[in-house]
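Order of appearance sets the numbers: ligands from 1, and atoms from 1 within every ligand.
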Amino acid sequence: MVEDSKVSGFYKLTREERVKKLKEVTGLGDEDLEPLVNPGKVDLEVLDHMIENVVGAMTLPLGIATNFKINEKDYLIPMAIEEPSVVAAASNAARIARNLGGFVATDTGPLMIAQIQTVEVPAPYAAKNRIIEVKEELLQLANEQDPILVRFGGGARDLRVRIFDSKVGVMLVCELIVDTRDAMGANAVNTMAEALAPRIEKITGGRVILRILSNLAEYRLVRVRATFDKELLGGAEVVNDIITAWAFAEADPYRCATHNKGIMNGIDAVVIATGNDFRAIEAGAHSYAAREGYGSLTKYEIDPNGNLVGSIELPMAVGLVGGATKVHPVARACVKILRVKTALELGHIIASVGLAQNLAALRALASEGIQKGHMALHARNVAATAGARGDMVDTIAERLVKEKNVKVERAKELLEQLKK
Ligand code: MEV
C-alpha cells in the first residue's frame with residue numbers, strides 16, 4: 001500500500017535509486033518491476049501476438065508522478081511519454097492540490113454505447129416504437145452474447161433509438177447501453193451490436209450497415225475536482241490570471257485546442273502506461289468537449305477563501321481486463337504500481353492527472369511562461385547526464401541556466417570544479 005506518494009527529491013535520485021524507492025514505497029519486488037526496468041528484455045513473442053507484421057518494439061520513457069492523493073488514497077503514477085516537463089508538472093500540481101485535500105473523483109459507471117445504423121426504414125417513427133416495445137427481449141439477446149460479463153455484474157442495461165436526417169436520407173440508429181465493468185468493452189459491445197442487427201432489420205424492415213461502439217462515451221464519465229492553495233500558486237494575481245487563461249480557451253477554439261492538448265499530455269501518458277487505447281480516450285475527450293461548440297474539458301473558479309478550484313469532466317473508457325493491459329508486461333507492472341482494483345478507480349486517477357497537468361500548464365503560462373521551467377528541467381537532465389548526483393544536480397543545473405550554456409561538456413567541467 002502506498003502510504004504516502006510525497007516522495008520528496010525523487011527527481012534528484014539516480015534511476016537505480018528511484019527504482020529502489022519505488023519498491024520501498026509500493027512493496028513491489030524485482031520481478032514485478034523487471035519489465036519496466038529492463039524493457040529490452042520484454043519478450044518479443046508477446047508483442048508479436050498483439051499486432052500484425054511485428055519486427056520489433058518502440059520504447060518510451062516511463063516516469064513516475066509523485067504527490068497524488070485521490071479520494072484520500074495516495075498513488076505513485078506511471079506515465080509513458082516522450083515530452084519533457086510533463087511528469088514534473090503533474091507532480092508539482094499534485095503537491096499543491098494535496099495541501100487542501102487532494103483530488104476528489106466520482107464517475108457515472110462503466111457504461112458504453114454501441115450503435116446499430118439502420119437505413120431504408122419504412123415509417124421510421126413507428127419502427128422506433130416497435131423496437132422500444134421489445135426492448136427487454138433485445139437486452140436479453142445482447143446479454144446472451146456475454147455470459148461472463150453478466151456474471152461479473154455487467155451487461156446490456158438500456159436501449160435508445162434516434163432518428164435523424166443525413167446526406168443520404170433518414171437514418172434510424174439504435175443505441176445499446178452496456179455496463180462493461182472492468183473491461184474497456186469494445187469487443188463486448190461490438191459483439192452485442194452485431195448479434196442484434198438481424199432482429200433490428202426484422203423489426204424495422206430496414207437494412208443495418210454499421211454495428212460499432214461510440215467513442216463519445218457520454219455515460220462513462222469521470223468527474224474530478226481539487227482546490228489549489230492561492231499562496232502555493234503564487235498569490236491572488238496568479239489565480240486571477242489562471243482563470244483568465246482558462247476563459248481564453250473557453251472563448252477561442254485555437255487556444256482551446258492547445259489547452260485541451262495539455263490536459264491530454266497527462267491523460268495519454270497514464271493511458272499508454274497502462275496499455276489502454278489512447279485514441280479512444282482522445283476521441284472521447286475532444287468529441288465531449290465539442291458537444292456545444294468546442295470548449296475546455298476543465299473549469300476554474302475562485303472559492304470564498306480566494307483559492308483556485310479546478311474541475312474536469314470527460315468520458316473515460318479504460319479497462320483493466322483484456323487487451324494490452326493484461327498482456328503487455330510493462331502495462332501489467334504499471335497496474336501493480338497503481339494498485340488499482342477497478343477500471344473506474346483507474347479512470348479517477350487518469351482524469352486527476354489531466355486536471356493536474358492543465359493547472360500546471362496554466363500556472364506556468366500565466367506567470368513566467370513555460371520555457372523557463374522547460375530550460376530548468378533540461379538543465380537538470382544535462383547535469384545528471386554529465387554524472388552529477390544528489391544536490392549537485394540542482395547546483396550545476398542552476399549554473400548552466402545562469403550561464404545560458406546548457407551543454408553536457410560544460411556540466412562536466414562544473415562537476416570537476418565542484419568535486420575539487
Ligand atoms: C505543451 O505540450 C502543452 C501546453 O501547450 C498546454 C497549454 O498551452 O495549456 C503547455
Inventory of protein N or O atoms under 3.5 Å from ligand 1 N or O:
unit_1   : atom_1 : unit_2 : atom_2 : d
ligand 1 : 2 (O)  : Glu83  : OE1    : 3.4
ligand 1 : 2 (O)  : Glu83  : OE2    : 2.6
ligand 1 : 2 (O)  : Lys261 : NZ     : 2.7
ligand 1 : 2 (O)  : Asn265 : ND2    : 2.9
ligand 1 : 8 (O)  : Arg255 : NH1    : 2.8
ligand 1 : 8 (O)  : Arg255 : NH2    : 3.3
ligand 1 : 9 (O)  : Arg255 : NH2    : 2.7

From Ile113, Thr108, Leu314, residue fulfilling side chain to side chain contact (heavy atoms under 4.5 Å, CB included) relative to Glu218 |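 Only match with Glu218 under side chain to side chain contact (heavy atoms under 4.5 Å, CB included): Ile113.
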Give a yes or no on whether a salt bridge exists between Glu282 and Arg279, defined as a side-chain N under 4.0 angstrom from a carboxylate O.
->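 No.
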Salt-bridge criterion met for Lys299 and Glu250 (N-O under 4.0 Å) =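 Salt bridge present between Lys299 and Glu250.
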Output every pair passing salt bridge (charged side-chain N to carboxylate O under 4.0 Å, His left out) with a member in residues 34-50, not counting sequence neighbours, ordered by first then second residue.
->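 Non-adjacent pairs meeting salt bridge (charged side-chain N to carboxylate O under 4.0 Å, His left out): Glu34-Lys41.
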Sequence neighbours left out, what pairs pass salt bridge (charged side-chain N to carboxylate O under 4.0 Å, His left out) with at least one residue falling in residues 102-111?
->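 Matches after skipping sequence neighbours: none remain.
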Only counting residues at least two apart or in another chain, list the ones meeting side chain to side chain contact (heavy atoms under 4.5 Å, CB included) with Leu111.
->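 If we apply the side chain to side chain contact (heavy atoms under 4.5 Å, CB included) test to Leu111, skipping adjacent residues, the hits are Arg157, Ile177, Asp179, Tyr219.
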